[in-house]
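What follows is one structure encoded as structure tokens, with my remarks underneath.
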Amino acid sequence: KKEAKKAFETALRTLSPYYFHSVVVAALKEVPEDSIAWKVQDKTYTAAEMIEHLNKSTPEGSQYALDLLRVSGDLIRRAVG
């Protein structure tokens, strides 16, 4: 379990930002454009809006990508213990 956790953390540090962007955009393209992709406080973003934010490298797109990466990391860390 420790080896898997260490390998995951190494992968996160070395993951190309472009690759991660591509994966997130591809995943968002798999859902209907008008589906809710992200909710923050008083704002809701659709999948189409998040793709646009990611492609334009806006602060919203960057925060969305960071949040996804953080949550993914937390889930994997729990799985490998």
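The nearest pair of heavy atoms linking Ala47 to Leu28 is CB-O, 3.9 Å.
Residues Val40 and Leu54 fall within the same hydrophobic cluster, defined by Ile, Leu, Val, Met, Phe, Trp and Tyr side chains chained together at heavy-atom separations under 4.5 Å.
Here Ser62 pairs with nothing under the side-chain contact (heavy atoms from CB on, under 4.5 Å) rule; sequence neighbours left out. Lys56 is linked by a salt bridge (Lys or Arg N to Asp or Glu O under 4.0 Å) to Glu52, counting only residues two or more places apart in sequence or in another chain. Qualifying side-chain contact (heavy atoms from CB on, under 4.5 Å) partners for Pro32, counting only residues two or more places apart in sequence or in other chains: Asp34, Ser35. With sequence neighbours excluded, no residue forms a salt bridge (Lys or Arg N to Asp or Glu O under 4.0 Å) with Glu33.
Sequence neighbours left out, the pairs with a member in residues 22-45 that pass ring-ring contact (aromatic ring centres under 6.0 Å, His included) are Trp38-Tyr45, Trp38-Tyr64, Tyr45-His53.
Between Val25 and Asn55 there is a side-chain heavy-atom pair separated by less than 4.5 Å. Within the 4.5 Å cutoff, the side chain of Thr46 has no heavy atoms near those of the Met50 side chain.
Through direct or indirect side-chain contacts shorter than 4.5 Å among Ile, Leu, Val, Met, Phe, Trp and Tyr, Val71 is connected to Leu75.
Checked for salt-bridge contact, Arg78 and Asp74 miss the test: no charged N lies under 4.0 Å from a carboxylate O.
A donor-acceptor pair under 3.5 Å is absent between the side-chain atoms of Glu30 and the main chain of Ala27, judged by distance alone.
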